[in-house]
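Encoded as structure tokens, the structure appears first; notes follow it.
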Amino acid sequence: MFSACSDRHQHPALSALRLLKETCSAALDALKQPLSSTQISLLSSPPSSAILHKDFQSLLTLIYTSTTKLTLVLRPSAPAPKAALGPINDLGTSITSLATCATLFDLYGSTLSSYARRASREICDSVISLANTFVEDSGDEYLVRTGTVHDLIEKARRELPVDNLAAVKMQWKADRGMLEDSLNDINAMIEDAGDEGDDDLEGERFDDDDELDELGFGPSKKLSDVELERVKKVQPLVRFGTLLHKRIVPDVLANVSGSGPELLAALDALPSHSHSVVLAVEELVASLYAPQKPAALSSAVTAFSNAIHQLHASAVADTLLSSDGDVAKQMSALTLDGGEGARSNGDKQKDPRRWFDACLAQIDKSARAVDELLALDSAPTT
């Protein structure tokens, strides 16, 4: 692209593209750092969350426009390097501003900020790839790289939450899906073990197992009666845990209001506990596949139970779930299977805290049932 220039390596457009890459790298480094008290003190007045959202969206538009202009003036079929200087400089300025804007979201919650930071990192990486296309690869893949930048910008526009509470809810929805998938895996183990006609499929299973073995997954193994009984004992444990997680959005987060530091901290504590539950249930499900190892299963049950306890403690803290009836709304009829039924006018309403405590008690009961079964299985026979 720049081969016709008398000194390719000194061409202003090439130098500008290299500087753009350095600018993006510096922005990536800045996005890894938390907002410091020194940075906050330099602000004449902290921008509101609404202003940050508006600025962030505006910067995304500027980056979109600049990458489009850059692509048009440096397209391999008719490159105009001198005309690229303006878009390259504009792009570098916008990237720096985007990183600064993303870090300022720390003022309004780390969960919200994590979305802005992640989107900014992805955009910076894609701009570096686009610049590399023109610097190192003669622009051969410029359309693909430009499309990637544009797609990431559109994704950031759609997915940036309006506030920290919305960010927590978005994370909750994603984690809830994984928890439900894990529960479905357990249900499938029980259903598959009880399916009739397995004997008719032995030949087909043998072929499938050979194929899995070739792929490095190893052959599937049928659960023994003892192992199946363990799976059945674990099922209610995971079901109650999934239900507790699910009810936090409508019964806790739906009633949250305000934006003080204590509330932001309480909200920001929730996603990490939620993620811990997801990781714990995945380990628990993995320990249920044959051949089971009782020690590993017991450890997984304990880890899952502990993760649920930590989530429960965080969710029912006074900051999020006040004991004041005016703040903690009375819930309609609830059962531990998640149903909401009609109630007579004379029935007493239950508050969320009592429901969550009851659900946690069921989780503890289910965990003890699994431990007792494992202890019985390991007891010496006489």
Side-chain angles (χ1 to χ4, degrees), residues 19-64 66 89-128 152-153 155-172 252-253 255-276 314-315 317-322 327:
L19 180 59
L20 175 61
K21 292 169 56 179
E22 294 175 3
T23 299
C24 289
S25 296
L28 287 170
D29 290 339
L31 288 166
K32 297 176 183 178
Q33 305 300 321
L35 185 64
S36 67
S37 56
T38 301
Q39 290 173 299
I40 297 175
S41 65
L42 294 176
L43 298 172
S44 56
S45 61
S48 67
S49 178
I51 290 177
L52 284 178
H53 272 81
K54 182 178 179 180
D55 289 348
F56 196 82
Q57 295 288 348
S58 296
L59 289 166
L60 292 175
T61 299
L62 291 174
I63 294 172
Y64 191 106
S66 295
N89 292 333
D90 292 342
L91 189 53
T93 300
S94 297
I95 287 291
T96 300
S97 298
L98 185 73
T100 300
C101 186
T103 58
L104 288 174
F105 276 105
D106 284 5
L107 295 169
Y108 300 100
S110 62
T111 310
L112 171 61
S113 177
S114 68
Y115 278 89
R117 287 172 178 265
R118 180 169 61 249
S120 299
R121 287 196 299 269
E122 291 174 347
I123 291 170
C124 286
D125 284 332
S126 66
V127 171
I128 290 176
L152 290 172
I153 289 173
K155 178 185 175 184
R157 285 172 172 167
R158 293 191 308 268
E159 296 185 356
L160 182 66
V162 296
D163 56 24
N164 205 48
L165 177 59
V168 173
K169 289 180 179 179
M170 286 177 63
Q171 184 62 52
W172 221 260
V252 178
L253 299 181
N255 301 319
V256 169
S257 61
S259 59
E262 290 186 2
L263 178 59
L264 288 179
L267 287 172
D268 285 332
L270 287 175
S272 62
H273 291 308
S274 175
H275 187 60
S276 295
S314 183
D318 288 342
T319 306
L320 294 177
L321 191 61
S322 172
V327 179

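Here the structure is a predicted model, which is why all the values come from computation and not from measurement. This chain uses plain numbering: 1 for the first residue, then up along the sequence.
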**Prompt:** Do any pairs count as a salt bridge (charged side-chain N to carboxylate O under 4.0 Å, His left out) and have a residue in residues 106-117, sequence neighbours left out, and if so which ones?
**Reply:** Asp106-Arg117
**Request:** Taking side-chain hydrogen bond (donor to acceptor under 3.5 Å, both in side chains) as the test, write out the residues that go with Arg157, two or more places apart.
**Result:** Thr61, Glu154
Listing, residues 20-33 side-chain donor-acceptor contacts under 3.5 Å, not counting sequence neighbours, or none:
unit_1, atom_1, unit_2, atom_2, d
Lys21, NZ, Asn132, OD1, 2.5
Thr23, OG1, Leu19, O, 2.9
Ser25, OG, Lys21, O, 3.1

**Prompt:** Considering residues at least two apart in sequence or located in another chain, which fulfil the side chain to side chain contact (heavy atoms under 4.5 Å, CB included) criterion with Ala119?
**Reply:** Ala156
Side-chain polar contacts of residues 43-53 - donor-acceptor pairs under 3.5 angstrom, sequence neighbours left out - could you list them?
unit_1, atom_1, unit_2, atom_2, d
Ser48, OG, Ile51, N, 3.2
His53, ND1, Ser49, O, 3.0
His53, NE2, Pro161, O, 2.5
His53, NE2, Val162, O, 3.4

**Request:** Not counting sequence neighbours, list each pair that qualifies as a side chain to side chain donor-acceptor pair (under 3.5 Å) and has a residue in residues 92-102.
**Result:** none
**Fill in**
In terms of heavy-atom contacts, Met170 and Glu159 come closest through CE-O, 3.3 Å
**Request:** Using the test side-chain hydrogen bond (donor to acceptor under 3.5 Å, both in side chains), find all partners of Ser276 that sit at least two apart in sequence or belong to another chain.
**Result:** none
**Item:** Thr103 and Ser113, any side-chain heavy atoms less than 4.5 Å apart
**Value:** no
**Message:** Contact between Leu270 and Leu253 at the side-chain level, heavy atoms closer than 4.5 Å - yes or no?
**Reply:** yes
**Contacts of Asp268 that satisfy side-chain hydrogen bond (donor to acceptor under 3.5 Å, both in side chains) - sequence neighbours left out** = Ser110, Thr111, Asn164
**Item:** Shortest non-hydrogen contact from Phe56 toward Ala116
**Value:** CZ-O, 3.9 Å
**Fill in**
Residue set satisfying side chain to side chain contact (heavy atoms under 4.5 Å, CB included) with Asp90, at least two apart, ordered chain then number -> Ser66
**Message:** Quick check for you: to the nearest 0.5 Å, what is the distance between Leu35 atom CG and Ile40 atom CD1?
**Reply:** 4.5 Å
**Prompt:** Where do Leu152 and Glu122 come nearest, in terms of heavy atoms and distance?
**Reply:** CD1-O, 3.4 Å
**Asked** Does the side chain of Leu267 come within less than 4.5 Å of Thr319's, by heavy atoms?
**Response** no
**Request:** Give a yes or no on this: more than 12 heavy atoms of other residues, nucleotides or ligands lie within 6.0 Å of atom CD of Glu262.
**Result:** no
**Fill in**
Heavy atoms of Leu320 and Leu263 approach each other most closely as CD2-CD1, 3.6 Å
**Message:** Using the ring-ring contact (aromatic ring centres under 6.0 Å, His included) criterion, which residues pair with Tyr115? Sequence neighbours excluded.
**Reply:** none
**Message:** Checking the side chain of Ser58 only, and the main-chain atoms of Lys54 only, is there a donor and an acceptor separated by less than 3.5 Å?
**Reply:** yes
**Request:** For Tyr108, enumerate each residue passing the ring-ring contact (aromatic ring centres under 6.0 Å, His included) test, keeping only those at least two apart in sequence or located in another chain.
**Result:** none
**Message:** Gln171: which residues meet the side-chain hydrogen bond (donor to acceptor under 3.5 Å, both in side chains) condition with it, sequence neighbours left out?
**Reply:** Asp175
